[in-house]
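This report concerns only the one structure given below.
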Amino acid sequence: FFYMNFKFLLALCLLVFVLGCKSEPTIVISFDVEFPVGVGFPEQFTEEQKSALTPNEVQWEKALNRINEIGIKHNIKFQFNVVGMTAELNPKLIENVSINHDISCHSYSHKKQGDLTSSKAFLELKRCKEALEHILGIEITGNRFPYTNYTDQSFKDLKDLGYNWDSSVWQTKDLLFPSYYQGITEYPLGSSTTDWDYFIKEGKTDTDGFFLILDKYISELSQEQVY
């Protein structure tokens, strides 16, 4: 699994599913859809870098549609983890994406669970689920916590609200495919080349170049079990 988080406020990741007792995983490519909240910039970024990577609504919509088209081109379903507030601001866009791809929750306003009171943390999960289900008219059962930040109570809240899977726990050598809390199946995150490397570490601002890399990367996954 690989994780991306570029300033179009879409995070790309590969999610590893264990299929029964099979040794070969299925790779799932997922994006966190967060505009206009997102994660902010590193302190060392200049104002010029911030400006180059901060999208307006038109640019953000163009980026999301570009990712949607890449999935259609390769006949691959992506997983979009959507912030509830984002869905409410852009319902038609999220509906359009849901035609070809799967939708799951990414909290209501992209706040860290650990920074909130228990009641507010619960509402973040509840309001996101309600918003997406209202807009799409389908049941939403999956979740990724913003910043992969969670508490023990977070998983109990997921179960109480009717979620049945999560993808927020980073894969480690000792914790490969955990079920973090009874009743919630955990699909852990791994790591590979990411948009964080492209935009943050390398300091690039060429989004078209990034999409070419993304398209090429997905083409190379054609021999893998990609969902």
Side-chain angles (χ1 to χ4, degrees), residues 1-35 55 58-83 86-87 90-106 128 132-133 135-144 163-168 171 177 185-199 204 206-227:
F1 154 59
F2 83 86
Y3 176 78
M4 309 172 40
N5 199 335
F6 66 107
K7 201 50 193 177
F8 276 77
L9 306 179
L10 296 165
L12 169 66
C13 34
L14 291 178
L15 203 60
V16 182
F17 280 65
V18 178
L19 302 178
C21 298
K22 294 181 180 178
S23 59
E24 293 296 324
T26 291
I27 298 169
V28 175
I29 301 174
S30 69
F31 298 82
D32 294 349
V33 184
E34 306 162 354
F35 183 85
V58 172
Q59 292 169 324
W60 174 78
E61 182 174 339
K62 180 180 177 181
L64 189 56
N65 285 331
R66 183 90 175 264
I67 293 169
N68 185 23
E69 290 165 2
I70 290 174
I72 294 172
K73 172 184 174 181
H74 294 284
N75 195 29
I76 293 174
K77 257 190 179 181
F78 293 141
Q79 183 73 45
F80 286 88
N81 307 296
V82 183
V83 168
T86 301
N90 306 273
K92 294 298 182 183
L93 186 57
I94 301 305
E95 281 185 82
N96 183 53
V97 168
S98 73
I99 294 172
N100 299 296
H101 305 288
D102 289 334
I103 305 294
S104 56
C105 287
H106 194 42
C128 183
L132 291 177
E133 290 180 343
I135 291 168
L136 301 176
I138 58 175
E139 184 180 13
I140 303 295
T141 60
N143 173 74
R144 173 170 298 135
Y163 290 89
N164 60 34
W165 67 267
D166 177 73
S167 177
S168 305
Q171 177 181 328
F177 301 103
T185 300
E186 185 67 35
Y187 300 113
L189 312 180
S191 61
S192 181
T193 301
T194 72
D195 65 329
W196 185 264
D197 294 328
Y198 186 87
F199 291 104
K204 296 180 180 178
D206 177 17
T207 54
D208 285 335
F210 176 77
F211 284 121
L212 290 175
I213 291 173
L214 172 60
D215 190 32
K216 181 175 182 292
Y217 187 86
I218 292 174
S219 295
E220 292 171 351
L221 288 174
S222 61
Q223 302 303 313
E224 306 289 342
Q225 296 181 35
V226 180
Y227 169 67

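Side chains included, hydrogens not; waters and symmetry mates left out as well; all remaining heavy atoms used.
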side-chain contact (heavy atoms from CB on, under 4.5 Å) test vs Tyr163 passes for just one of Thr141, Thr185, Asn143, namely Asn143
d(Ser98 OG, Ile138 CD1) to nearest 0.5 Å is 6.0 Å
query = Between His106 and Asn81, is there a donor-acceptor pair closer than 3.5 Å when you use the side chain of the first and the backbone of the second?
reply = no
Output for pair (Arg144 CZ, Cys105 SG), nearest 0.5 Å, gives 12.0 Å
Ignoring hydrogens and angles, tell me if any N or O in the side chain of Glu139 forms a donor-acceptor pair with the backbone of Glu133 under 3.5 Å. no
TODO: May I have the step-by-step check of side-chain contact (heavy atoms from CB on, under 4.5 Å) for Val97 and Phe31, ending in yes or no?
DONE: CA-CA 12 Å; Val97 168; Phe31 298 82; over 6 Å; no
Do Gln79 and Ser104 touch side chain to side chain, with heavy atoms closer than 4.5 Å?
-> yes
Exercise. Would you please test Asp208 and Arg66 for side-chain contact (heavy atoms from CB on, under 4.5 Å) and show each step?
Key: CA-CA 10 Å; Asp208 285 335; Arg66 183 90 175 264; 3.2 Å; yes
Of all heavy-atom pairs linking Ser219 and His74, the shortest is OG-CE1, 2.9 Å
Any non-hydrogen side-chain atom of Lys73 less than 4.5 Å from a side-chain atom of Ile218? no
CD1 (Ile29) and CG (Leu214) are apart, to the nearest 0.5 Å, by 7.0 Å
Asn75 meets the side-chain contact (heavy atoms from CB on, under 4.5 Å) criterion, sequence neighbours left out, with none
Check your understanding: Taking side chain as C-beta onward, heavy atoms only, is Leu136 less than 4.5 Å from Glu95?
Key -> yes
Rounded to the nearest 0.5 angstrom, the CG-CD1 distance for Leu132 and Ile140 is 5.0 Å
### Query
Are Asn90 and Glu61 side-chain neighbours, meaning at least one heavy-atom pair lies under 4.5 Å?
no
Sorted by chain and residue number, the side-chain contact (heavy atoms from CB on, under 4.5 Å) partners of Asn96 (sequence neighbours excluded) come out as Asn65, Asn68, Ile99
Between the CZ atom in Phe80 and the CG atom in Asp102, the distance rounded to the nearest 0.5 Å is 10.0 Å
When rounded to the nearest 0.5 Å, the distance separating CD1 of Ile70 from CD1 of Ile76 is 10.0 Å
